[in-house]
Amino acid sequence: MSSFTDKYTASFMSGLIARNPGETEFHQAVSEVLGSVAPTLEAYPYLLDAKIMERMTEPERVIMFRVPWMDDSGEIQINRGFRVQMNSAIGPYKGGIRFHPSVNLSIMKFLAFEQTFKNALTTLPMGGAKGGSDFNPRGKSDAEVMRFCQSFMTELQRHIGQDTDVPAGDIGVGGREIGFLFGQYKRLRDEFSGTLTGKGFAWGGSLLRPEATGYGVCYFAQQMLATRGEGFEGKTVVVSGAGNVAQYAAQKAMRLGAKVVTMSDSDGYIYDPDGLDEEKMAYIFRLKNVLRGRIKEYVTEYPTAKYVAGEKPWRVKCDIALPCATQNELDADGARALVQNGCICVTEGANMPTTPEAIEIIQGAKLLYSPGKASNAGGVATSGLEMTQNSIRQKWTAEEVDSHLRRIMSDIHAACLKYGTGEDGYINYVKGANVASFLKVAGAMMDQGLV
Ligand code: NDP
């Protein structure tokens, strides 16, 4: 690193940490972007004078609110709701809603910050936001989830709208929750609009939106592998997570000819040496999305598989790893195991699943490695396509949506190549994604003056 990059990064980060104490995930996300864009700032000093990084790291608006609701036993429960509207330079705020007990301001800000750059990469006009609550849907009845969603939306509806801020799903928020949230929004605002994405197909949703993030991850991985003359065919794939992103990443990888041998949740992982097939996938979809069960139940159905409690799947020998659960789930030990076992490609489905130390190990070993903001952007991109379909009051076929998705993932890959290819030919996808999206957002902010 140049002395400018070192000095600028150190002084910027110490200011950011002092202003946002304790927000470790937010610090981590900013530090990663800064590491990539500092040389760009040095090359364009007017961006430094305009304090563009200082502006990008200060959310345009943060909303925190009380979410009171009553559980099935009649007891009153209080949760905390958030919406971080980070940046609207290139379009209305857009980003998911997460329901998970770990949700706090730091996690919301890191996700909203990442979302701003991810949305810029999609080529669609969407600003960045994120929202959520520390509500834990696990073990709650449908009626409890509905009452919570209605209370959450009763406050959130004041701050969102189809031209203002368009939320979607994320961890703990799938089709069921989007339905309850949309129903309450419609009731309170008396409008049927495209204010939420991930809606049911019968009431404004886009075909392929549920599949889009996971499928997009695999389309992006295909492009990465192609830079080395490789593909999914015959490869062994390790997937973490068993939620929306993991399910469809696993399905697509399998359909592209790979052997997918693991899936996981926060309690452990399953290892199936024979790999998933269509029948096993159908079982997983039903287990997770209908019965809302745990991944360990897979081994009761398929006894040749084994369940490893309390562990992550990174020690399983594989060619391709797709981390699709949550932030910081792949640490330095996991990265070392992947490298030692001959893995050639790590494509992130989750947001920031790889720790900074693990990224260093993976990139140091010259593995193909892409950050979530590039490789999981297919979800928000297809949400953008859902917004377009809502605006023109039309529905596209699955083939039409899929071809847009493939093109967008390919454009994102091309942007990463443009800004991330080093002199030795190694593609630094982190740098490529960060610089390409930073230049776009910074340019729009400069055009719009000091707002
Ligand atoms: P889901 O809620 O559908 O699934 C999340 C999965 O991750 C579950 O298997 C869950 O297990 C596991 N998980 C959650 N927290 C932890 C944890 N602390 N440790 C280990 N495992 C954990 O969420 P999604 O699939 O929608 O999201 C997964 C990731 O992808 C997130 O990082 C999200 O931000 C990102 N993403 C999602 C998009 C989307 O369209 N849905 C778009 C782009 C990114 P358990 O049941 O035990 O909690």
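Order of appearance sets the numbers: ligands from 1, and atoms from 1 within every ligand. Just so it is clear, the model here is predicted, and its values are computed rather than measured.
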Measure from the ring center of F135 to the ring center of F152 and say whether it is less than 6.0 Å.
no

If you measure from each heavy atom of R294 to ligand 1, is any distance below 4.0 Å?
yes

Could you tell me if the ring centre of Y185 sits under 6.0 Å from that of F180?
no

Apply ring pair (Phe, Tyr, Trp, His ring centres under 6.0 Å) to F438 and Y419, showing your working.
CA-CA 11 Å; F438 169 80; Y419 293 102; over 10 Å; no

Note: ligand 1 atoms sitting under 4.0 Å from heavy atoms of T213 are 38 (C), 39 (C), 40 (O), 42 (C), 43 (C)

For atom 10 (C) of ligand 1, state whether the nearest protein heavy atom is under 4.0 Å away.
no

Hey, does the side chain of K395 reach the backbone of G205 with a donor-acceptor pair shorter than 3.5 angstrom?
yes

Under 4.0 Å from any heavy atom of G172, which atoms of ligand 1 are there?
2 (O)

Relative to each other, are the rings of F113 and F117 parallel, tilted or perpendicular (30° and 60° limits)?
perpendicular

Parallel, tilted or perpendicular: ring planes of H413 versus Y429, cut at 30 and 60 degrees:
tilted

Mind checking whether Q247 contacts ligand 1 via backbone (N, CA, C, O), side chain (CB onward), both or neither, at a 4.0 Å heavy-atom cut-off?
neither

Residue-level breakdown please: for N351 versus ligand 1, do any non-hydrogen atoms fall below 4.0 Å on the side chain, on the backbone, on both, or on neither?
both

Examine C324 against ligand 1 and note whether any of their N/O atoms are separated by less than 3.5 Å.
no

Proximity of F148 and F99 rings by center, below 6.0 Å
yes

Where's the contact between R138 and ligand 1, heavy-atom distance under 4.0 Å: side chain, backbone, both or neither?
side chain

What salt bridge (charged side-chain N to carboxylate O under 4.0 Å, His left out) pairs are there with at least one residue in residues 167-180, not counting sequence neighbours?
R98-D170, K130-D170, D142-R176

Please state which option from G243, G349, P353 has its nearest heavy atom closest to atom 1 (P) of ligand 1.
G243

At under 4.0 Å between heavy atoms, is it the side chain or the backbone of R98 that contacts ligand 1, or both, or neither?
side chain

For N376, the ligand 1 atoms whose distance to one of its heavy atoms is below 4.0 Å
43 (C), 44 (C)

Does S102 approach ligand 1 within less than 4.0 angstrom via side chain, backbone, both or neither, non-hydrogen atoms only?
neither

Establish, for the pair K252 and Y215, whether the NZ or CZ atom is under 6.0 angstrom from the six-membered ring centre and no further than 45 degrees off its axis.
yes

Tell me which protein heavy atom sits closest to atom 17 (C) of ligand 1, plus the residue, atom name and distance to 0.1 Å.
T326 CG2, 3.3 Å

Judged by non-hydrogen atoms, does Q327 sit under 4.0 Å from ligand 1?
no

I'd like to check the side chain to side chain donor-acceptor pair (under 3.5 Å) partners of H27; sequence neighbours left out, ordered by chain and number.
none

Any N/O of D267 closer than 3.5 Å to an N/O of ligand 1?
no

